[in-house]
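What follows is a short report on a single structure.
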Amino acid sequence: MKLFVDTGNLKEVEALAALGILDGATTNPSLLAKEGGDARQILRQICRLVQGPVSAEVVATDTAGMLREGRELAAIDEHIVIKVPFTKDGVRACKALASEGHRVNVTLVFSAAQAWLAAKVGAAYVSPFVGRLDDIGATGMDLARQIVDIFQRGRYATELLVASVRHPIHIIEAARMGADVATAPAAVIEQCFRHPLTDIGLERFLKDWEKAQAARV
Ligand code: G3P
C-alpha cells in the first residue's frame, strides 16, 4: 500500500520524504489556507520533494470552473493530480479531465455508490473520508471495505485512497483490506514509528554494550 502525507506544510513533507517512506501527498483548500503564501508555489515545491502524485483541489463548484482550475493546477507540475469534489459538476469534470489524460482524485466520498460513480467516470483515485464518518458515529473503514470489494469485482482501475485518517489503526486496516493508498497527517505517520518496547529495548542493548566495554578496560 502506498503512503501519502495529507498536508500543505513543506517542512512536514521534507522530513517525511527524507525518510524514504513517502509515495505522494494530498492537499485540500483548508490545508493550503492554513499555510498562507502562494498555493501554486507550495504545490510546486511539494511535487519537487515528493516526486510522486500530489493532489491539488479545485475550489470552483461548477463544471466549467472546475475544468479551468483543474487544467491550471495540472500545468503546475507533471505530478499534480486534480482533486474535484463528488458532486454532479465534479463527476462531469472528472469525466472530461480524465478523457484529456489528466489524473483525477474524487474527494468528499462518503458512500459506496459515490465511489462507484467516480470509478465509472475514470477517476484515478477516490477518497472516502473515514475519520469524518467515524466522527458522526458511523464506521468509516466499513465504507473502505465496500469500495475494495466493488473495485476488485468490477476490475476498475481506480485506486482507493483512504483519507481523513485519524490514527495508525486506520492505516493498518487500510493496508490489510487491500486499499491502494492511505493518506495521513504527519502526526499520524509519526505515531506509526513509535513503540515503547523499541525504545526500552534499544536503551537496554546500549547499556549492556557499554557495561561490557567498561569491564574490558
Ligand atoms: O485531505 C482530505 C482529508 O484527508 C481530510 O481529512 O482530517 O480534515 O477529516 P480531515
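Values in this document were obtained by computation on a predicted structure and should not be read as measured data. Atoms within each ligand, like the ligands themselves, are counted from 1 in listed order.
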Checklist line | Verdict with supporting geometry, Gln41 and Arg44, side-chain hydrogen bond (donor to acceptor under 3.5 Å, both in side chains) | finding: CA-CA 5 Å; Gln41 191 55 28; Arg44 193 172 291 119; 2.8 Å; yes
Next item on the list: Check whether any side-chain heavy atom of Leu49 lies under 4.5 Å from a side-chain heavy atom of Leu10, and answer yes or no.
Entry: yes
Note to self: Is the shortest side-chain heavy-atom distance between Leu133 and Val130 below 4.5 Å?
What the structure shows: no
Margin query: I'd like to know if the side chain of Ser164 reaches the main chain of Arg132, judged simply by a donor and an acceptor atom lying under 3.5 Å from each other, with no hydrogens or angles considered.
Written below: yes
Notebook entry, point to check: Looking at Val5, Asp77, Leu43, which hits side-chain contact (heavy atoms from CB on, under 4.5 Å) with Val54?
Noted result: Leu43
Note down each nitrogen or oxygen pair, ligand 1 side and protein side, whose separation is under 3.5 Å; give only atom names and the distance to 0.1 Å.
unit_1, atom_1, unit_2, atom_2, d
ligand 1, 1 (O), Asp6, OD1, 2.8
ligand 1, 1 (O), Asp6, OD2, 3.2
ligand 1, 1 (O), Asn28, ND2, 3.0
ligand 1, 1 (O), Lys83, NZ, 3.4
ligand 1, 4 (O), Asp6, OD2, 2.6
ligand 1, 4 (O), Ser164, N, 2.9
ligand 1, 7 (O), Arg166, NH1, 2.7
ligand 1, 8 (O), Arg132, NH2, 2.7
ligand 1, 9 (O), Arg132, NE, 2.7
ligand 1, 9 (O), Ser164, OG, 2.7
ligand 1, 9 (O), Arg166, NH1, 3.2

Next item on the list: Measure the shortest side-chain to side-chain distance between Val109 and Ser127 over non-hydrogen atoms and say whether it is less than 4.5 angstrom.
Entry: no
